[in-house]
Amino acid sequence: MSKPKPKIKKEVVSMPKQDPKERSHNFSEVALGYTRQQAVAEAERCLQCVKAPCINGCPVDVDIPAFVNLVRERKFDEAIRKVKEKNSLPAICGRVCPQEEQCQASCTLGKVGDPVSVGRLERFLADWERERGYEIPRKSASRGRSVAIVGAGPAGLTAAADLAKLGYEVVIFEALHKPGGVLIYGIPEFRLPKKIVEAEAEYIEKLGVTIKMNAIIGRLYTINELLEQFDAVFIGTGAGLPRFMRIPGENLCGIYSANEFLIRVNLMKAYDFPKYATPIYVGEKVAVIGGGNSAMDSARCALRLGAKEVKIVYRRSRQEMPTRAEEVENAEEEGIKFKFLSNPVRYFGDERGWVKGMECIKMELGEPDESGRRRPIPIKGSEFIIDVDTVIVAIGNTANPLIQRTTEGLEVTKWGTIVVDEETGKTSKERVYAGGDVVSGVATVISAMGAGKRAACSIHRHLLRKKRMQQRKES
Amino acid sequence: MKEEATSLYRIVTKRELVPHINLFEFSAKEIAVKTRPGQFIILRVDEKGERVPLTMTGADPEKGTITVVCHEVGKSTRQLGQLKEGDCILDLLGPLGKPAEIEKFGTVLCIGGGVMVAPLYFQAKAFHETGNTVIGGIGARTENQLIFENEMREVCDELYVATDDGTRGYKGLGFLEGLLKERKIDRVITMGPVLMMKKVSELTRPYGIPTIVNLIPIMVDGMGMCGACRVTVGGRTLFACVDGPDFDGHQVDFEELMIRLKMFTPQEKLAFVFQEEGGRSL
């Protein structure tokens, strides 16, 4: 076996991307992925640290040095198997995880140059496997116990995969008509192609999981009814309730929540209207309010739908933006403009009830607030007007409330998120677990997956304990 | 709930009530068991289809079916109208929205217009079965567009019929004024075109009669996620899909609702033409 070369390569192998001029008019994927040679060259940079600080940065504990080493040795099949020991959705994570804040943040190479691009290698392996057809891992024997999962998003799919592999009968109840949650309705095609989400969901089904669409828990069945038929329930319903600013004129035509805009474009494929029946309207001058990933995604979709000018209006400055640096860079390359330290205070409409302008106020940054970022404070008398004909409000979402409203004995915070024990995902209700954005509020795909994994593990422990107690009673 | 993992939403019955208005009975056992008057479903005919919200007209838990009545007004509703008995649709989600408040109020006046007379019947029947005196008022644009008259007659103690053009029964909503003046009415339910619900709410306001309107604005997911269906009620922005669809008619900003309903009119016309051309020209 050849040892890694002693000379350190400080620079990351860059990943080919679609040209910005070209891609700002299409919905095809922006990043094109590594070739085999590029993947091996990138893997060769890994120092194979004994302490492996990268693993500590991974919310699902993927054995990163081990899989990277297998890539270096060109053993791609073994490498993807290693990834999938911990992560059932690698093609997704390789694309949308904020690796720069997680595994790659603590990479030893990062101290002298670029960290190893763990995400790109993960993506390479997942794509390599998908093109060849999935390998289905051996399952444990059936345990004769069943678990209901509410929501087929990142948390639910992960919990389902882990429990199915352990031999549980798993049924996922999904309210929308496609599995994936935010992966299918929120993240656009050019960042995460939907055929990849569909393929990863199919893989979960091949593990033996049943995904039941159009099943809205809280209306079709209550959590108590699920508990009658299943040994445990996991709630991963996410944070899909859009926030508005509650300022004058917000209900004018032409003003969307980011959720509505993205659901129309991603889930309903309105970019292919009228072939797909769901319409969308994008004018010439678009303003997107907010500084997160949804703001960036909405802005880039609007551009692709033919807007002449797309401006992101954010109340803090560039440094405080909660979005990935890579996505800001992509957006700027495509021609998205930024208006920092500004916030809308009201909208004006024309005689037909359509938005035609918005009044903003300039902001300055004060002391840090509870989020650790400097608080924006309006500057009196600094109001100014921007001409717009489309506005997308992307200031965040709160937890989906239906289950909280329809389940007695489920403890909920004042923000509407479900209270759980962080280690186990246990809620205040017996045999009910929860995780992902419905617990944390809007966070990342991978942190939701981590929560799904922890809950699966504690459901397994709980059911084992119950089984042992039963056996003791019987003997 | 485990067994019915793969569902087929089959059209068990299709009946043309009047031209371009069809009644569909779908097999949807799980939904049928949970459905209450006032709730709606969202359906999708095929992979490229829109999510279409329709207020339910009835549910039969024993037979395992739900019923909707659909007026062909655009691409998606026309596509549904072209299906036949035995055909299946791809998706059927429900029951959505809060159920209507069905209690013994005393005398309940149910005013319906157009295609919404059918789901109004579901509520009128429930009020009748709860021991209320039910006065019905149903209407349509013109005589041959009137639906569900016989069904309404069965559950109403009195029934008034009106048309916009006067070809049948009273002309317009004029008959209401006398009725409201002469009778003691405890509650009004109105379902129909927004303009009609607005007029009914205005007529009842001076009498202080609680007036419930059933709103189906433009919506996409129907479960509180998109906010397209936001309506202003008593100065607050609410989502019709999860906070409604029933609201206090005296508090609703109908003007805003009517404007918002037209948001995609140009696109809807384009889709209609595209469909007529068989998708060839675009």
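Predicted model, so just to flag it, every value in this text is computed and none were measured. Atoms considered below: every heavy atom in the structure, side chains included; atoms not considered: hydrogens, waters and symmetry mates. Chain letters run A, B, ... following the sequence lines, proteins first and then strands; every chain starts at 1.
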For this session: Pick one of side chain, backbone, both or neither for Arg51(B), based on which atoms fall under 4.5 Å of a heavy atom in chain A.
Result: both
Problem set entry | Residue pairs, two or more places apart or on separate chains, that pass side-chain hydrogen bond (donor to acceptor under 3.5 Å, both in side chains) and touch residues 396-407 of chain A | Asn259(A)-Asn397(A)
Exercise. Heavy-atom distance under 4.5 Å to chain A: side chain of Lys48(B), backbone, both or neither?
Worked result: both
Exercise. Less than 4.5 Å apart, any side-chain heavy atom of Pro401(A) and any of Leu241(A)?
Worked result: yes
Exercise. Are the charged groups of Lys356(A) and Glu351(A) less than 4.0 angstrom apart, N to O?
Worked result: no
Problem set entry | Region of Lys275(A) that comes under 4.5 Å of a non-hydrogen atom in chain B | both
For this session: For Asp221(B) and Gly224(B), indicate whether the former's side chain and the latter's backbone hold a donor-acceptor pair under 3.5 Å.
Result: yes
Problem set entry | Contact class of Leu262(A) relative to chain B, heavy atoms under 4.5 angstrom | neither
Exercise. Is chain B contacted by the side chain of Leu220(A), its backbone, both, or neither, given a heavy-atom distance below 4.5 Å?
Worked result: both
Exercise. Going by residue number, which parts of residues 52-84 of chain B are within reach of chain A, meaning a heavy-atom gap below 4.5 Å?
Worked result: Lys75(B), Ser76(B)
Exercise. Tell me, side chain or backbone of Ile41(B) under 4.5 Å from chain A's heavy atoms, or both, or neither?
Worked result: neither
Exercise. Which residues from residues 255-262 of chain B are near chain A, with near meaning under 4.5 Å between non-hydrogen atoms?
Worked result: Glu256(B), Ile259(B), Arg260(B)
For this session: Name the region of Phe244(A), side chain, backbone, both or neither, that has any atom closer than 4.5 Å to a heavy atom of chain B.
Result: side chain
Exercise. Residue by residue, which of residues 192-201 of chain B have a heavy atom closer than 4.5 Å to a heavy atom belonging to chain A?
Worked result: none
For this session: Verify, without hydrogens or angle tests, whether Arg431(A) (side chain) and Val233(A) (backbone) share a donor-acceptor contact under 3.5 angstrom.
Result: no
For this session: Considering non-hydrogen atoms only, spot the tightest contact between Arg10(B) and Gly86(B) and give its length.
Result: NH1-O, 2.9 Å
Problem set entry | Tyr168(A) six-ring face occupied by Arg145(A) cation (under 6.0 Å, within 45°) | no
Problem set entry | Residue, of Gln267(B), Glu268(B), Arg230(B), that accumulates the most heavy atom pairs under 4.5 Å with chain A | Arg230(B)
